[in-house]
Amino acid sequence: MAVFKAFRAFRPAKENQSLIPALPYDVMNTEEAREMVKGNPLSFLHVDKAQIDFEKGFDQYSQQVYDKARENLLSLENSGKMIQDEKPCLYIYRQVMNGRSQTGIVGCASIDDYKNNIIKKHEHTLAVKEQDRVNHVNTCDANTGPIFLTYRNDHDISSIVNLWIRNHESTYDFTSNGVKQTVWVIDDEKTVGELQKLFDKVSALYIADGHHRCASAVRVGETRRQENPNYTGNEEFNFFLAVAFPDEELAIMDYNRVVKDLNGLSKEDFFEKISEKFEVSPLSAQAKPNEKHSFSMYIDKEWFSLRAKGGTFDVNDPVDRLDVSILQNNLLAPILGIENPKTDERIAFIGGIRGLDELERRANSDMRVAFAMFPTTIDDLMSIADADKIMPPKSTWFEPKLLSGLFIHHLS
């Protein structure tokens, strides 16, 4: 039921395997990107964040920036710094971070599967961010960063992938930002066909990360259809670049919160209010919560454990029973007055990869109180997507990030 097809990827020439690929555009700001590319003119950030090639303060949403991105992409391809496979292939992409491995298949997913909810979503997108990627994809005539998809583990797919890995040398094998990156090219038509048929039986694909990139790729595809009313459905603009991982391979990290003040409350009043819906107990040292519906709170250089009391959330509602929902609905909104965490400047979100020390640092400097979360699970994500519901903002943090510039899918 899910389309996942082979394509002729543009990808780095082997000697450039560690020079071209870069972290995705949305995990750093422009100035950070400028620093990251120093000494490496081949970095794919010159494509994904082409504003770094202009003076500071230049409008990153200017058409000149998108034109520069296209120019830089074509320069990599036409110079031989990147090469294109002669026939459609699928690709195996493995990442190893801190001893944990995740292995997915790189191919092209269908914009119709997205529109028909075979590719399931769990987040809303922001118009400005979506339009930026629409302009980038349309101008570059390419998907330059893959969508991070997951699916319920299929033994037959995994068996083919593992057999290919055992019997073939990798094409790329390098380390980027502390993460080992390995790629195998599946160029055998029979194997490609078997994998495509197995994906035909997969009932749903789920967006793990990359909702804006996915929505923008679909919008570009729809525009190309309008421009080509006699399209057949087989044109490349009907598909977008993705990496599909079995759910058992993935782990979601905690996505933590820090808040600037106590909304006018004294510390004593604050503790009295949170104790109405949480069991509060002191911790002897910093510690992450070890189970669902529990939280670690840091305030005035002390750590406390919070456990949601029974009856304070709907155990049958996949969104309401999320820990991020419990904290938002029972503490952040009613006690601290943070009604909209997406827009309230009093709250900030810290990826779990930065650790509890970062929460302490922030709460001891520009913030007042920090909350360490128990990670949302893949099952949570799938349950919410299956119910056609939306997760609260900042519910999931995936590591490692998929690199951009390893695979390019052209739309024409």
Side-chain angles (χ1 to χ4, degrees), residues 2-22 44 76-77 80-109 143-202 205 208 236 239-250 400-410:
V3 173
F4 204 72
K5 79 177 197 74
F7 70 110
R8 295 178 60 217
F10 267 100
R11 51 187 179 81
K14 194 162 189 175
E15 63 270 20
N16 300 320
Q17 62 182 291
S18 64
L19 297 175
I20 292 176
F44 204 72
L76 287 171
E77 295 176 350
K81 299 292 192 301
M82 300 187 81
I83 59 173
Q84 187 177 28
D85 288 302
E86 294 184 359
K87 60 183 179 182
C89 301
L90 291 172
Y91 308 84
I92 300 170
Y93 182 15
R94 171 174 287 170
Q95 298 178 296
V96 181
M97 177 180 176
N98 298 330
R100 189 185 67 80
S101 171
Q102 59 184 34
T103 304
I105 302 176
V106 183
C108 284
N143 307 131
T144 58
I147 313 306
F148 190 157
L149 301 178
T150 186
Y151 59 95
R152 289 186 170 85
N153 186 49
D154 182 287
H155 174 75
D156 292 333
I157 293 176
S158 297
S159 294
I160 292 175
V161 168
N162 293 332
L163 181 63
W164 188 271
I165 289 172
R166 286 197 300 271
N167 293 332
H168 297 81
E169 293 290 328
S170 63
T171 300
Y172 303 141
D173 192 6
F174 63 98
T175 298
S176 175
N177 299 287
V179 179
K180 184 176 176 61
Q181 318 274 344
T182 310
V183 172
W184 293 262
V185 178
I186 304 178
D187 55 3
D188 174 67
E189 292 182 12
K190 181 175 182 292
T191 305
V192 167
E194 289 174 350
L195 285 169
Q196 290 181 152
K197 287 180 181 177
L198 287 171
F199 271 104
D200 283 342
K201 300 176 183 178
V202 171
L205 297 168
E236 291 301 324
F239 307 93
F240 57 86
L241 178 65
V243 187
F245 292 89
D247 59 343
E248 296 177 0
E249 296 268 338
L250 302 181
K401 302 297 183 185
L402 306 183
L403 296 184
S404 294
L406 262 180
F407 313 94
I408 308 301
H409 168 241
H410 275 276

S.K.: Is there a side-chain contact between D187 and D85 in this structure, where contact means two heavy atoms from C-beta onward sitting under 4.5 Å apart?
M.R.: no

S.K.: Is the shortest heavy-atom distance from the side chain of F44 to the side chain of L76 under 4.5 Å?
M.R.: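 The answer is yes, as the side chains (C-beta and beyond) meet within the 4.5 Å cut-off.
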
S.K.: Side chains of T103 and E249, heavy atoms from C-beta outward: is any pair under 4.5 Å?
M.R.: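 Yes; the side chains approach each other to less than 4.5 Å.
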
S.K.: Holding to side chain to side chain donor-acceptor pair (under 3.5 Å), I want the full list of residues that pass it with R152, two or more places apart in sequence or in another chain.
M.R.: Y206, D386

S.K.: Find the distance between CZ (R8) and CD1 (I408) and round it off to the nearest 0.5 Å.
M.R.: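 Reported value, rounded in 0.5 Å steps: 14.5 Å.
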
S.K.: Minimum heavy-atom separation for Q196 to A6, with atom names?
M.R.: OE1-N, 2.7 Å

S.K.: Counting only heavy atoms from other residues, nucleotides and ligands, does the tally under 6.0 Å from CD of E15 exceed 12?
M.R.: yes

S.K.: Of all heavy-atom pairs between W184 and H168, which one has the smallest distance, and what is that distance?
M.R.: NE1-O, 3.3 Å

S.K.: Between SG of C108 and CG of L90, what distance do you get to the nearest 0.5 Å?
M.R.: 9.0 Å

S.K.: How about V202 and L198: do any of their side-chain heavy atoms sit closer than 4.5 Å?
M.R.: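 Answer no - side chains too far apart.
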
S.K.: Check whether any side-chain heavy atom of C89 sits under 4.5 Å from a side-chain heavy atom of I186, and report yes or no.
M.R.: no

S.K.: Hey, mind stepping through D156 and K201 against side chain to side chain contact (heavy atoms under 4.5 Å, CB included) and telling me if it holds?
M.R.: CA-CA 11 Å; D156 292 333; K201 300 176 183 178; over 6 Å; no

S.K.: State, to 0.1 Å, how close G405 and I20 come at their nearest heavy-atom pair, and which atoms those are.
M.R.: O-CG2, 3.9 Å

S.K.: Could you tell me whether K81 atom NZ has more than 12 heavy atoms of other residues or ligands within 6.0 Å of it?
M.R.: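 No, because the 6.0 Å sphere around NZ of K81 holds 12 heavy atoms or fewer from other groups.
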
S.K.: Would the number of heavy atoms belonging to other residues, nucleotides or ligands and lying under 6.0 Å from CG of N98 be above 12?
M.R.: no

S.K.: Check the pair E77 / H410 against side chain to side chain donor-acceptor pair (under 3.5 Å), numbers first and verdict last.
M.R.: CA-CA 11 Å; E77 295 176 350; H410 275 276; 2.7 Å; yes

S.K.: Which distance, rounded to the nearest 0.5 Å, do you find between the CG of D154 and the OG of S159?
M.R.: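 The OG atom of S159 is 8.5 Å from CG of D154, to the nearest 0.5 Å.
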
S.K.: Looking at NE2 of H155 and CD1 of I160, how far apart are the two atoms once the value is rounded to the nearest 0.5 Å?
M.R.: 10.0 Å

S.K.: If the condition is side chain to side chain donor-acceptor pair (under 3.5 Å), which residues does S18 pass it with, not counting sequence neighbours?
M.R.: none

S.K.: Tell me every residue that passes side-chain contact (heavy atoms from CB on, under 4.5 Å) with E189, counting only those two or more places apart in sequence or in another chain.
M.R.: K87

S.K.: Please name all residues satisfying ring pair (Phe, Tyr, Trp, His ring centres under 6.0 Å) with Y151, sequence neighbours left out, ordered by chain then number.
M.R.: F199

S.K.: In Å, rounded to the nearest 0.5 Å, how long is the span from OG1 of T150 to CG of L250?
M.R.: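 So the OG1 of T150 and the CG of L250 are separated by 4.5 Å.
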
S.K.: Just to verify, what does Y91 make a ring pair (Phe, Tyr, Trp, His ring centres under 6.0 Å) with, not counting sequence neighbours?
M.R.: F7, F407

S.K.: Using a 4.5 Å cut-off on heavy atoms from C-beta on, say whether the side chain of T144 contacts that of S404.
M.R.: no

S.K.: Sort and list the pairs that fulfil side chain to side chain donor-acceptor pair (under 3.5 Å) and have at least one residue in residues 171-182, not counting sequence neighbours.
M.R.: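 Matches after skipping sequence neighbours: R11-Y172, Y93-Q181, Q95-Q181, D173-K180, D173-T182.
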
S.K.: Might you point out which heavy atoms bring L403 and P146 nearest each other, and give the distance in Å?
M.R.: O-CD, 3.7 Å

S.K.: With heavy-atom distances below 4.5 Å as the criterion, would you say the side chains of K401 and M97 are in contact?
M.R.: no

S.K.: On a heavy-atom basis, which atom in P400 and which in R100 lie closest, and how many Å separate them?
M.R.: CD-NH2, 3.8 Å

S.K.: So, do V106 and L241 sit near enough that their side-chain heavy atoms are less than 4.5 Å apart?
M.R.: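 Yes, side chains in contact.
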
S.K.: Please tell me whether H409 and E236 have a donor and an acceptor in their side chains that are separated by less than 3.5 angstrom.
M.R.: yes

S.K.: Starting from the C-alpha separation in whole Å, work towards a yes-or-no answer on side chain to side chain contact (heavy atoms under 4.5 Å, CB included) for I157 and F4.
M.R.: CA-CA 12 Å; I157 293 176; F4 204 72; over 6 Å; no

